[in-house]
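Here's the structure we're looking at; comments come further down.
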Amino acid sequence: MPTPAPVASAAPTARELLASQREAFRAALPVAAATRRERLQRAIDLLVAHAEELCAAMREDFGGRPEVFSLMNDVLGALATLKVARDRLDTWMADEPRASVAPFDQFGATAWVRYQPKGVVGIIGTWNAPVYTLFAPLASVFAAGNRAVLKPSEVDPRTADLVAHLVTQHFAPEELAVVTGGPEVAADFAAQPWDHLVFTGSTIVGRKVMQAAAANLVPVTLELGGKSPVLIGAGADIANAAERIAVGKAQNSGQLCVAPDTVWVPAAQRDAFVAALKTEYARLYPTIAGNADVTPAVNQRHYERVESYVADAAAHGARVESAGGSGAADERRMPLRIVIEPPADSAIAQHEIFGSALVLRSYHAIDEAIAAINAGERPLALYYFGNDAAEQAKVLDQTLSGGVAINDVLMHAALEDAPFGGVGASGMGHYHGREGFVEFSHARSVYRAGSHDPRREWGMLPPYTDAFKTMLHQGVTP
Ligand code: NAD
């Protein structure tokens, strides 16, 4: 009888990985600080040892993403989060004493909160920051003592495959594993009964993820996007604001969740701002075609999506100014298009731009701009430029966004000691810092009874007495 040809063993599914990780998790409790630190260190070592390969994969996936940006954003950004988690772990993990219950505290009853790992966490990442959106949440997930399965974006297939390969070299599949694939694999991934699910991506897919998670009562952290506004205050330094907005918008050619999307400027300053923004963008990118510092649109679909927003706005009568020289369609490198006062029903006014264009709107009183921002979904970031303390307080008090930067853009996302996350349609939950550790831990309250229980001798047990009832009534005070 002929020997059957060997059948290639299929990669394990999300369900299989979850089952094996969960079993390993339960068998190895508690998860000591040293174990957590060692896992974080291995993730750090993976990024350090393979930084160049990862940057090369991201360059290829984008058709020419600059190595400098991949190093800054994806490699160093993820490393910073992992190192903070490694170095602060012991403080975060410590039990927190809490006030006990009167009158039992008089007899030695104590209470504390302990932070326990939830178990196995699924992490779904995006294409725009394909290493960062996996490894930055992983820092908080590992710090909290969990195991994890990653699902990279299929839009960056080389980076996804490389991450999958490197993870198998540095981790046992029971600790950290990767599932690759497109929307079907992603939908199946979101439908698993994880102990927690982290999703970074668009608001529209975020809704589907939350629905899938709800079926299993899986808690979710949703890191979504939105139209992050910039409010340039009445007395702001226009040249300075233009420079910082140009620098921020140029990063990854606007393909960042916290990229400035819509800029509000005092009407009298509008044309001066347009001129300054064009000057500052051209200082960064005097040419676009053939400029290796310019990140291309990640693929043809996204290139055409942004081009169609600009064309649609122009067709609806918006003025469009271009900054940074001519684009190159064959390279998918785009100038910055400044779309001035597009109608509210145009595509660019309705959708997150997520590319090399921004909307400019003017206002006469800052209240108009605040009202317009509040009429939309709550954004991931909000930026304010100005030095008027009362105006700054008004902007902070009367708006809500995931995070804020004042007199700059993007920088709040680099705060390692503060939570990062959205609110409303821009997401829920956090990673980074202690808040990230808490997010992926279960805060478990523990009460420990004292040596003596006074309830019987104090008449607090049945048969109840009038004296006890009177005592309770005396406790009903404002
Ligand atoms: P996307 O929503 O299209 O895809 C994200 C991930 O979801 C991919 O891995 C994809 O495979 C997966 N997916 C697709 N269908 C799914 C389903 N039914 N169930 C579960 N997962 C599914 O987003 P994108 O285009 O990769 O990224 C761009 C968006 O992400 C923008 O809106 C941007 O603002 C946002 N973003 C947010 C952050 C943040 O930290 N808040 C960071 C980066 C990007």
Side-chain angles (χ1 to χ4, degrees), residues 14 61-62 73-74 77-78 81 122-140 149-157 159-160 163-164 178-192 194 197-216 218 220-228 251-261 297-299 301-303 305-306 350-355 377-381 401-403 410 412-415 419-432 436 439:
D61 280 330
F62 276 76
N73 185 77
D74 282 86
T81 311
I123 303 177
I124 302 177
T126 58
W127 56 262
N128 73 307
V131 172
Y132 183 81
T133 57
L134 298 173
F135 283 83
L138 182 65
S140 303
V149 183
L150 311 177
K151 193 335 236 147
S153 168
E154 68 281 8
V155 174
D156 300 317
T159 311
V163 167
V178 181
V179 171
T180 55
E184 273 180 30
V185 170
D188 174 68
F189 192 96
Q192 301 308 316
W194 305 103
L197 181 58
V198 184
F199 170 79
T200 304
S202 56
T203 300
I204 195 160
V205 178
R207 287 183 208 279
K208 292 186 197 173
V209 168
M210 194 163 174
Q211 272 175 358
N216 298 308
V218 171
V220 287
T221 300
L222 300 179
E223 301 286 352
L224 311 177
K227 293 183 78 61
S228 295
Q251 306 294 311
N252 217 26
S253 289
Q255 300 170 111
L256 277 187
C257 56
V258 286
D261 185 289
V298 70
N299 57 26
R301 183 169 74 81
H302 282 282
Y303 178 83
R305 181 181 57 77
V306 177
Q350 306 253 321
H351 301 288
E352 179 182 2
I353 300 169
F354 215 60
E377 302 281 21
R378 286 174 169 166
L380 184 60
S401 62
L410 314 190
H412 67 290
L415 296 171
F420 179 78
V423 58
S426 59
M428 61 186 71
H430 305 104
Y431 53 79
H432 278 184
E439 178 93 357

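Numbering of ligands and ligand atoms starts at 1, following listing order. One-based numbering along the sequence shown.
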Please confirm whether [X] comes under 4.0 Å of ligand 1, counting heavy atoms of the residue only.
| X | answer |
| --- | --- |
| Phe199 | yes |
| Val155 | no |
| Phe189 | no |
| Gly422 | no |

**Item:** Parallel, tilted or perpendicular: rings of Tyr132 and His432 (30°, 60°)
**Value:**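 Geometry flag for Tyr132 against His432: perpendicular rings.
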Under a 4.0 angstrom heavy-atom cut-off, which atoms of ligand 1 come close to [X]?
| X | result |
| --- | --- |
| Phe354 | 28 (C), 31 (C), 33 (C), 34 (O) |
| Glu352 | 31 (C), 32 (O), 33 (C), 34 (O) |
| Leu380 | 41 (N) |
| Trp127 | 24 (P), 25 (O), 26 (O), 27 (O) |
| Leu224 | 37 (C), 39 (C), 41 (N) |
| Gly225 | 32 (O), 34 (O) |
| Ser153 | 9 (O) |
| Asn128 | 43 (C), 44 (C) |

Shortest protein contact, [atom] (heavy atom only):
| atom | value |
| --- | --- |
| atom 37 (C) of ligand 1 | Cys257 CB, 3.2 Å |
| atom 40 (O) of ligand 1 | Phe420 CE2, 3.3 Å |
| atom 27 (O) of ligand 1 | Thr126 CG2, 3.5 Å |
| atom 10 (C) of ligand 1 | Glu154 OE1, 3.6 Å |
| atom 2 (O) of ligand 1 | Ser202 OG, 2.6 Å |
| atom 6 (C) of ligand 1 | Gly125 O, 3.4 Å |
| atom 35 (C) of ligand 1 | Gly201 O, 3.3 Å |

**Asked** Looking at CG of Leu224 and CE of Met428, how far apart are the two atoms once the value is rounded to the nearest 0.5 Å?
**Response**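 Rounded to the nearest 0.5 Å, the CG-CE separation comes out at 7.5 Å.
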**Asked** Atom CG in Leu197, atom CD1 in Ile124: separation rounded to 0.5 Å?
**Response**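 Reported to 0.5 Å precision, the distance equals 5.0 Å.
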Min side-chain heavy-atom separation [X]-[Y] under 4.5 Å:
| X | Y | result |
| --- | --- | --- |
| Val155 | Val298 | yes |
| Pro152 | Thr159 | no |
| Leu380 | Phe420 | yes |
| Asn216 | Gln192 | no |

**Request:** Would you mind finding which of Gly402, Pro130, Ala186, Ala160 brings a heavy atom closest to atom 21 (N) of ligand 1?
**Result:**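 That would be Ala186.
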**Request:** Closest by any non-hydrogen atom to atom 5 (C) of ligand 1: pick that one out of Val185, Thr200, Val205.
**Result:**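 Going through Val185, Thr200, Val205 one by one, Thr200 has the nearest heavy atom to atom 5 (C) of ligand 1.
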**Shortest non-hydrogen contact from Leu256 toward Asn73** =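 Shortest heavy-atom separation between Leu256 and Asn73 comes out as CD2-OD1, 4.3 Å.
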**Request:** Identify the heavy atoms of Trp127 and Phe354 that sit nearest to each other, and give their distance.
**Result:**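 Between these two residues, the closest heavy atoms are CZ2-CE2, 3.3 Å.
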**Request:** Ignoring hydrogens and angles, tell me if any N or O in the side chain of Ser228 forms a donor-acceptor pair with the backbone of Pro379 under 3.5 Å.
**Result:**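 No: the side chain of Ser228 does not pair with the backbone of Pro379.
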**Request:** Check whether any side-chain N or O of Asp156 sits under 3.5 Å from a backbone N or O of Asp61 as a donor-acceptor pair, and report yes or no.
**Result:**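 The answer is no, because no donor-acceptor pair under 3.5 Å joins these two groups.
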**Request:** Decide side chain to side chain contact (heavy atoms under 4.5 Å, CB included) for Thr133 and Glu223; before the verdict, give the C-alpha distance in whole Å, the side-chain angles of both, and the deciding distance to 0.1 Å.
**Result:** CA-CA 9 Å; Thr133 57; Glu223 301 286 352; over 6 Å; no
**Message:** For a side chain to side chain contact (heavy atoms under 4.5 Å, CB included) check, start with the C-alpha distance between Met210 and Phe199, then their side-chain angles and the critical distance, and finish with the verdict.
**Reply:** CA-CA 9 Å; Met210 194 163 174; Phe199 170 79; over 6 Å; no
